[in-house]
Amino acid sequence: MSEAGGEWDGQLLADISPELAGRVIFLEECASTNDEARRLADLGAAHGTLVLAEKQTAGRGRRGQAWACPVGEGIACSLIIRPEAPTPLWSRIAIATGLGVAESLDLPVEVKWPNDLWLNGKKLCGILVESTGNAVVVGIGMNVNVKKFPEGLAHPATSILLETGTPASREVVLAGMIERVIYRTSQIEGEFGSLISSWNTRCALRGKLIRCLRDGKPITGMMEGLSLSGELLLRNTEGLQRILQADEIRLV
Ligand code: BTN
């Protein structure tokens with residue numbers, strides 16, 4: 001069954017993408033798919049292995065936050081990537097993943113640096129990228145058919161169902177997004193410039209006044225997008241500021 005609140009349909013996934021279905025490790029329940037994927041990566045699991053769980057009991061978000069999703073209504077998965085690119089470029093995987101997931105949906109999904117996905121001003125998907133040994137684990141939490149979100153979330157959240165009024169097949173969404181993420185994350189070395197151009201066209205905050213923390217100090221400026229090497233570009237009275245790492249970005 002692939003409707004809202006349904007169970008994963010392995011046969012449907014195999015019909016859509018036999019290659020992906022052969023690489024999926026499906027768990028009814030686990031603490032966090034990122035933890036499982038890291039464990040498997042440390043044991044030598046291959047590039048492209050996907051850990052998919054119906055229920056996470058301790059799903060993790062960025063900055064130590066929790067991530068939860070009603071059973072049967074979302075996608076919680078972690079993809080093991082063994083990059084060919086050198087380690088200093090691995091930080092680009094977060095940007096590539098956000099873009100890949102956004103592009104896989106036939107919806108006006110925007111990216112928010114470094115890798116939240118927004119739809120109509122609300123958070124649709126969260127991404128948690130972690131590395132272990134010579135692998136990178138890309139955790140994706142996608143609100144596919146979620147009907148109701150808890151009060152008091154840090155950001156307003158939404159789902160494909162809430163925005164379109166129609167339940168989406170989780171198998172179709174999953175297969176499309178993983179295929180695109182694998183493609184985009186393979187571009188972090190030679191084709192990163194074209195990846196950045198595509199990212200900039202989807203940037204939710206481009207042209208907006210934003211504030212973030214750089215080295216613990218607040219900095220404000222007009223967001224100009226990402227540079228060709230992935231730095232956040234802010235223009236303020238002191239000129240163009242290039243920010244490699246920043247804490248939570250906020251609209252001013
Ligand atoms: C965020 O927006 O803070 C990131 C959320 C990432 C959630 C996903 S769900 C699958 C994977 N397993 C986890 O424990 N977290 C990620």
Side-chain angles (χ1 to χ4, degrees), residues 8 20 23-42 45 48-81 91 93-102 104-105 109-119 121-132 135-146 149-150 152-160 170-171 173-178 180-182 185 202-205 212-213 245-250:
W8 280 104
L20 174 63
R23 295 186 273 116
V24 171
I25 294 168
F26 179 76
L27 305 171
E28 267 309 324
E29 183 177 313
C30 67
S32 154
T33 55
N34 264 36
D35 295 346
E36 280 301 320
R38 286 167 60 151
R39 193 179 62 77
L40 293 170
D42 290 344
T49 302
L50 183 76
V51 178
L52 175 66
E54 189 59 276
K55 182 177 174 191
Q56 295 188 111
T57 54
R60 295 188 286 111
R62 289 188 301 120
R63 296 184 303 280
Q65 288 168 341
W67 180 270
C69 185
V71 170
E73 296 186 358
I75 297 174
C77 66
S78 300
L79 178 66
I80 296 173
I81 293 179
S91 59
I93 287 176
I95 290 166
T97 300
L99 178 64
V101 176
S104 71
L105 298 171
V109 177
E110 294 181 303
V111 288
K112 182 171 168 270
W113 196 78
N115 52 6
D116 277 354
L117 297 191
W118 289 60
L119 181 56
K122 287 160 274 179
K123 182 162 168 171
L124 177 71
C125 173
I127 293 166
L128 179 66
V129 179
E130 299 174 315
S131 61
T132 174
V136 176
V137 166
V138 170
I140 306 171
M142 168 70 78
N143 301 324
V144 182
N145 294 318
V146 180
F149 290 92
L153 290 178
H155 304 289
T158 196
S159 67
I160 298 174
R170 293 191 299 167
E171 291 79 3
V173 173
L174 178 73
M177 77 184 191
I178 296 303
R180 197 71 191 166
V181 167
I182 290 198
T185 53
R202 285 187 181 262
C203 174
L205 300 176
C212 62
L213 291 179
Q245 283 205 316
D247 217 329
E248 178 79 333
I249 298 180
R250 295 193 183 280

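Here, residue 1 is the first one in the sequence, and each next residue gets the next number. As the structure is a computational prediction, the values presented were derived from the model and not from experiment. Atoms within each ligand, like the ligands themselves, are counted from 1 in listed order.
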What is the minimum heavy-atom distance between Val138 and Asn34, and which atoms define it?
C-OD1, 4.3 Å
Is it true that Arg60 and Glu130 have a side-chain N and a carboxylate O under 4.0 angstrom from each other?
yes
Ionic contact status for Lys55 with Glu28, cut-off 4.0 Å:
no
Provide, line by line, the atom pairs where ligand 1 and the protein bring an N/O atom each to a distance under 3.5 Å; else say none.
{"from": "ligand 1", "atom 1": "2 (O)", "to": "Lys123", "atom 2": "NZ", "distance (Å)": "2.5"}
{"from": "ligand 1", "atom 1": "3 (O)", "to": "Arg62", "atom 2": "N", "distance (Å)": "2.7"}
{"from": "ligand 1", "atom 1": "12 (N)", "to": "Thr33", "atom 2": "OG1", "distance (Å)": "3.0"}
{"from": "ligand 1", "atom 1": "12 (N)", "to": "Gln56", "atom 2": "OE1", "distance (Å)": "2.9"}
{"from": "ligand 1", "atom 1": "14 (O)", "to": "Ser32", "atom 2": "OG", "distance (Å)": "2.7"}
{"from": "ligand 1", "atom 1": "14 (O)", "to": "Gln56", "atom 2": "OE1", "distance (Å)": "3.3"}
{"from": "ligand 1", "atom 1": "14 (O)", "to": "Arg60", "atom 2": "N", "distance (Å)": "2.7"}
{"from": "ligand 1", "atom 1": "15 (N)", "to": "Arg60", "atom 2": "O", "distance (Å)": "2.6"}

Salt bridge (Lys or Arg N to Asp or Glu O under 4.0 Å) involving Arg202 - partner list, sequence neighbours excluded
none
Side chains of Asn145 and Glu73: is there a donor and an acceptor less than 3.5 Å apart?
no
Taking Ser159 for the side chain and Asn143 for the main chain, is one N or O donor matched with an acceptor at less than 3.5 Å?
no
